[in-house]
Amino acid sequence: MSDAPRPDKVFPVSWDQFHRDTRALTWRLHEAGPFEAIVCITRGGLVPAAIVARELNVRIIETVCIASYHDYKNQGDIKVMKGVGPEITSMRGQGKGVLIVDDLVDTGKTARVVREILPAAHFATVYAKPMGRPLVDTFITEVSQDTWIYFPWDTGLSYVPPIRAGGD
Ligand SMILES: O=P(O)(O)OC[C@H]1O[C@H](OP(=O)(O)OP(=O)(O)O)[C@H](O)[C@@H]1O
Ligand code: HPA
Ligand SMILES: [Mg+2]
């Protein structure tokens, strides 16, 4: 179990907002680059990685497959189910010129594991929470540690009750 406080605020993100935020991230990455390859942290990193790769014209895209949140909002042990292949590790050593992309950094546990694999790579996320922020080189929006981000691929449209119950 994680030491992070249980989130009680919500930050819902639409597809449109995610696309805009990731494009904004890409403008910053364009200044920080150039990058020869992208390593995306599955599964959440697949979505921003596709947008970043398109904008920065990167064609070499690798995955590192990690899972840690086994059930909703509860973090377990980090499991690396697939590491980074030789195209990245033997051609690019410690990861210079490589861009690591994930959707968010929360406690920083996932980022720490991937940074150990590629210490010289540039680490980018769209969103960051304070505990994980020091591990990220570039991000766009910070939310508080007690906020849960709802991504568009995890949510659907549903009824929301009014803020004030009852009414006249
Ligand atoms: O900073 P941390 O506390 O480690 O949390 C951040 C990680 O958690 C989520 O992935 P998750 O393990 O839920 O898998 P998923 O990407 O397949 O949803 C998210 O996509 C990040 O990769
Ligand atoms: O705030 C979050 N939202 C979605 N997935 C997550 N995985 C870790 N933190 C979060
Ligand atoms: Mg993830």
Side-chain angles (χ1 to χ4, degrees), residues 1-26 28-29 32 35 37-55 58 61-85 88-89 95 98-158 160:
M1 288 288 292
S2 163
D3 298 331
R6 293 291 303 270
D8 53 18
K9 296 180 198 150
V10 295
F11 183 81
V13 180
S14 67
W15 283 110
D16 185 57
Q17 186 179 346
F18 191 81
H19 195 183
R20 282 168 196 271
D21 288 345
T22 308
R23 272 235 174 98
L25 175 73
T26 311
R28 287 196 190 160
L29 294 172
F35 300 106
I38 288 176
V39 169
C40 74
I41 305 177
T42 73
R43 295 162 301 176
L46 286 163
V47 186
I51 297 164
V52 170
R54 187 267 179 187
E55 297 299 339
V58 177
I61 298 155
E62 171 63 298
T63 56
V64 53
C65 302
I66 297 195
S68 66
Y69 286 80
H70 303 301
D71 65 79
Y72 177 60
K73 295 186 185 177
N74 287 316
Q75 191 172 34
D77 294 334
I78 302 275
K79 278 204 196 108
V80 181
M81 295 154 103
K82 179 198 150 293
V84 176
I88 302 293
T89 47
V98 174
L99 174 64
I100 301 167
V101 176
D102 206 352
D103 50 359
L104 78 122
V105 65
D106 186 322
T107 62
K109 284 188 185 175
T110 304
R112 204 165 280 120
V113 167
V114 181
R115 273 208 170 281
E116 272 171 26
I117 302 170
L118 294 169
H122 189 100
F123 202 110
T125 62
V126 185
Y127 305 109
K129 299 189 192 180
M131 276 176 76
R133 186 183 162 161
L135 289 142
V136 179
D137 296 304
T138 308
F139 68 95
I140 280 295
T141 299
E142 181 167 356
V143 301
S144 63
Q145 198 66 45
D146 61 352
T147 295
W148 191 260
I149 300 168
Y150 286 94
F151 288 113
W153 53 90
D154 285 332
T155 54
L157 289 179
S158 67
V160 177

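Computed from heavy atoms alone, side chains included, the values below leave out hydrogens, waters and symmetry copies. In this text, all values refer to a predicted model and were calculated from it rather than measured experimentally. As the structure lists them, so they are numbered: ligands from 1, and atoms in each ligand from 1.
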Mutual orientation of the aromatic rings belonging to Tyr127 and Phe11 [parallel < 30°, tilted 30-60°, perpendicular > 60°]: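 Tyr127 vs Phe11 ring planes: perpendicular.
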
Tyr150 and Trp148 aromatic ring geometry - parallel, tilted or perpendicular at 30°/60° bounds: perpendicular

Show me which atoms of ligand 1 lie under 4.0 Å from any heavy atom of [X].
| X | answer |
| --- | --- |
| Thr42 | 16 (O) |
| Asp103 | 19 (C), 20 (O), 21 (C) |
| Ser68 | 12 (O) |

Is_contact(atom 3 (O) of ligand 1), protein non-hydrogen, under 4.0 Å: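 Looking at atom 3 (O) of ligand 1, one finds that a protein heavy atom does lie closer than 4.0 Å.
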
Region of Leu104 engaging ligand 2 - heavy atom pairs below 4.0 Å: side chain

Sub-4.0 Å atoms of ligand 2 with respect to non-hydrogen atoms of Asp106: 8 (C), 9 (N), 10 (C)

For Phe151, atoms of ligand 2 separated by under 4.0 Å from a heavy atom: 4 (C)

Min heavy-atom dist Gly132 to ligand 1 below 4.0 Å: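 False for this residue.
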
Tyr150 N/O to ligand 2 N/O under 3.5 Å: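 No, Tyr150 has no N/O under 3.5 Å of an N/O on ligand 2.
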
Check against salt bridge (Lys or Arg N to Asp or Glu O under 4.0 Å), Arg115 and Asp137: CA-CA 11 Å; Arg115 273 208 170 281; Asp137 296 304; 2.7 Å; yes

Whether Glu55 side chain and Arg23 backbone form a donor-acceptor pair below 3.5 Å: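 Side chain of Glu55 to backbone of Arg23: no pair is present.
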
Gap separating the OG1 atom of Thr138 from the CD1 atom of Ile100, nearest 0.5 angstrom: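 If I round to the nearest 0.5 Å, the distance is 11.5 Å.
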
Closest to atom 21 (C) of ligand 1 among Thr110, Ile41, Asp102 (heavy-atom distance): Asp102

